[in-house]
Trainee: 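Sharing a structure below in structure tokens format, with a few things to ask.
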Amino acid sequence: MKMWSGRFRQPLDPEFEKWQRSFPYDRRLLPFELAASRAHANALKIAGILSAAELSEILKGLETIGRRAESSAEFLKDDEAEDVHHFVEKQLAGLIGDVGYKLHTGRSRNEQIATDLRLFVRQSIDALRNLIGEWVEAILLRAESAGNAAMPAYTHLQPAEPVLVAHWLLAYVEMFLRDASRLADCRKRANLCPLGSGAVAGATLAIDRQAMAAELGFDEPTANSIDATSDRDFAIEFVGALSLLALHLSRWAEEMILFSTPAYGFVELPEAYSTGSSAMPQKKNPDLLELVRGKAARVMGCAFTLQTLIKGLPLAYNKDLQETQEAVFDASDTVSSILPLVTGFMKTVQFNDAKMNEAARSGFMNAWAAAAYLVGRGVPSRLAHEAVGKAVALAVERGCDLQTLPLADLRLIHASFDAGFRSCLELSQVLALHDVPGGTAPLQVKRALQNARERVEKMAASFHGRDLSG
Ligand code: ARG
């Protein structure tokens with residue numbers, strides 16, 4: 001029996017009927033639909049709609065549906081069910097007869113889907129934060145073991161200044177910690193319970209909304225029934241946070257790809273995460289990294305889908321909202337599948353310290369340190385910049401480094417160059433110069449590593465004991 005057939009005299013066009021169903025994808029919401037239905041049934045008992053015996057029958061029926069779904073995939077192959085809500089009603093009536101139809105008393109699918117989707121997002125956030133925790137841990141471990149290895153840092157993709165490898169890796173730790181905190185933040189706003197909102201104006205019977213919210217682990221009931229049934233901000237925020245996370249993963253992948261090319265040679269691709277070319281025998285291709293970069297586009301597309309989908313909708317529920325589900329699932333699945341793989345990659349990838357160090361010493365990346373040296377000797381910054389610029393031009397002309405320019409030639413450019421100049425150009429001196437919190441001086445990086453470690457541990461501790469379903 002359909003959930004709405006009374007008003008209709010003609011059957012649906014079969015093609016349309018098939019096309020409009022959401023069950024093929026929203027059946028994954030079944031555990032949440034069952035949990036929300038249990039909470040509603042309990043509230044119906046308190047409201048005096050269900051007797052104790054009816055409640056018990058309904059709860060047992062819901063449990064059986066859950067068990068059957070877990071034990072057989074076949075059970076979820078139902079060509080008639082319009083959506084997961086209809087599926088449960090159908091199954092329940094099949095199991096316990098007409099009492100099953102009492103479950104829908106005073107509720108609407110509009111509040112149900114809003115509730116199920118919030119529960120899905122909440123569970124997904126908890127699982128994703130765990131995965132991000134492992135990913136960040138893998139990056140941090142590499143940073144902690146990088147010691148004083150140095151590499152070039154780039155601006156405009158041109159060699160800019162040398163940095164510690166640990167400093168570079170910590171940049172990613174920051175990005176992904178922010179992503180995790182964005183998800184935690186989104187969780188707070190998502191964790192409100194729409195049950196009791198009805199179709200749009202609120203339930204038609206005095207139902208204990210607090211009790212339903214508490215049973216489902218929500219912080220409290222939503223405040224407005226119109227908003228609760230039509231709001232999908234939580235989904236937009238969630239997928240928005242995922243699209244930023246995917247974007248960060250994509251930037252990381254791009255750098256890894258670049259650094260693994262022979263031109264850089266900083267990174268040796270792990271064979272376990274690379275593939276060969278069917279044509280060129282010498283190739284080892286960074287497929288994992290390329291797909292991470294490619295899949296970021298897909299997640300960002302999901303964020304765009306959601307925003308576009310909702311921007312023109314009048315309040316409150318519109319069937320367009322059914323289209324939110326696949327974008328939410330796809331973004332969540334895509335990012336969930338990437339994180340364990342990049343974590344594995346990060347654990348096994350080899351850094352070529354010698355190449356990185358060599359590159360950190362070349363490319364005139366000590367030019368700013370050279371200018372700082374002159375500034376230290378009282379030369380105004382702009383003039384120091386100009387003088388070092390001229391020294392660089394001279395070195396380029398002669399095909400040498402700043403360090404190897406004869407002092408006599410340097411003094412022709414500016415009288416403040418003297419014998420101490422060369423030592424300030426040493427890699428260790430250049431690194432130590434950036435001695436501010438957040439800078440790359442080894443002491444600062446050591447502190448930054450400790451600080452990152454504390455935050456990563458704190459995040460990991462917040463997962464312990466959390467029941468992912470509630
Ligand atoms: N499958 C629907 C969805 O995902 C459930 C809500 C249907 N509500 C309605 N008034 N037809 O949006």
Side-chain angles (χ1 to χ4, degrees), residues 1-8 10-13 15-37 39-40 65 69 76-92 101 103-124 190 193-204 212 216 222 224-236 238-239 302 305-333:
M1 179 175 183
K2 289 202 181 305
M3 298 180 92
W4 43 261
S5 46
R7 189 236 177 273
F8 286 75
Q10 283 176 12
L12 287 188
D13 171 85
E15 279 304 309
F16 169 61
E17 159 130 54
K18 196 167 159 217
W19 177 81
Q20 53 92 43
R21 294 170 63 236
S22 54
F23 190 59
Y25 48 86
D26 71 12
R27 60 188 180 189
R28 69 188 286 173
L29 294 174
L30 183 68
F32 309 114
E33 175 70 10
L34 292 174
S37 292
H40 182 71
I65 296 172
L76 289 174
K77 290 203 177 113
D78 181 334
D79 291 339
E80 269 177 26
E82 191 174 314
D83 53 26
V84 68
H85 323 291
H86 182 210
F87 176 77
V88 170
E89 181 171 284
K90 239 183 89 186
Q91 291 295 335
L92 197 60
Y101 291 128
L103 176 61
H104 207 57
T105 315
R107 76 172 178 176
S108 155
R109 284 186 291 167
N110 298 355
E111 63 183 296
Q112 283 172 261
I113 185 60
T115 306
D116 294 357
L117 214 47
R118 280 173 188 257
L119 288 170
F120 173 87
V121 165
R122 186 178 75 186
Q123 187 186 60
S124 193
C193 186
L195 289 188
S197 298
V200 59
T204 48
M212 291 192 288
L216 292 168
T222 47
N224 179 290
S225 61
I226 303 175
D227 178 48
T229 48
S230 63
D231 162 43
R232 295 294 184 273
D233 301 7
F234 66 91
I236 296 181
F238 172 56
V239 177
C302 292
T305 296
L306 289 175
Q307 294 184 8
T308 316
L309 181 64
I310 293 165
K311 70 180 260 302
L313 294 186
L315 300 179
Y317 179 85
N318 296 268
K319 189 73 173 232
D320 315 40
L321 290 176
Q322 182 165 287
E323 289 290 310
T324 53
Q325 296 176 31
E326 282 177 296
V328 169
F329 298 154
D330 191 28
S332 170
D333 291 345

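First listed ligand is number 1; within each ligand, the first listed atom is number 1.
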Trainee: Is it the case that over 12 heavy atoms from other parts of the model lie below 6.0 angstrom from the NZ atom of Lys18?
Mentor: no

Trainee: side-chain contact (heavy atoms from CB on, under 4.5 Å) for Gln20 and Lys319? Distances and angles first, verdict last.
Mentor: CA-CA 10 Å; Gln20 53 92 43; Lys319 189 73 173 232; 3.7 Å; yes

Trainee: Atom CD of residue position Glu80 - does it have more than 12 heavy atoms of other residues, nucleotides or ligands inside 6.0 Å?
Mentor: no

Trainee: Under 4.5 Å between any side-chain heavy atoms of Thr229 and Ser108, yes or no?
Mentor: no

Trainee: Show me the pairs that pass side chain to side chain donor-acceptor pair (under 3.5 Å) and involve residues 23-32, at least two apart or across chains.
Mentor: Ser22-Asp26, Arg28-Asp333

Trainee: For the residue pair Phe32 and Phe120, does the interplanar ring angle fall in the parallel (under 30°), tilted (30 to 60°) or perpendicular (over 60°) class?
Mentor: perpendicular

Trainee: Who's touching ligand 1 if we go heavy atoms under 4.0 Å?
Mentor: Ser22, Asp83, His85, Arg109, Asn110, Ile113, Tyr317, Gln322, Gln325

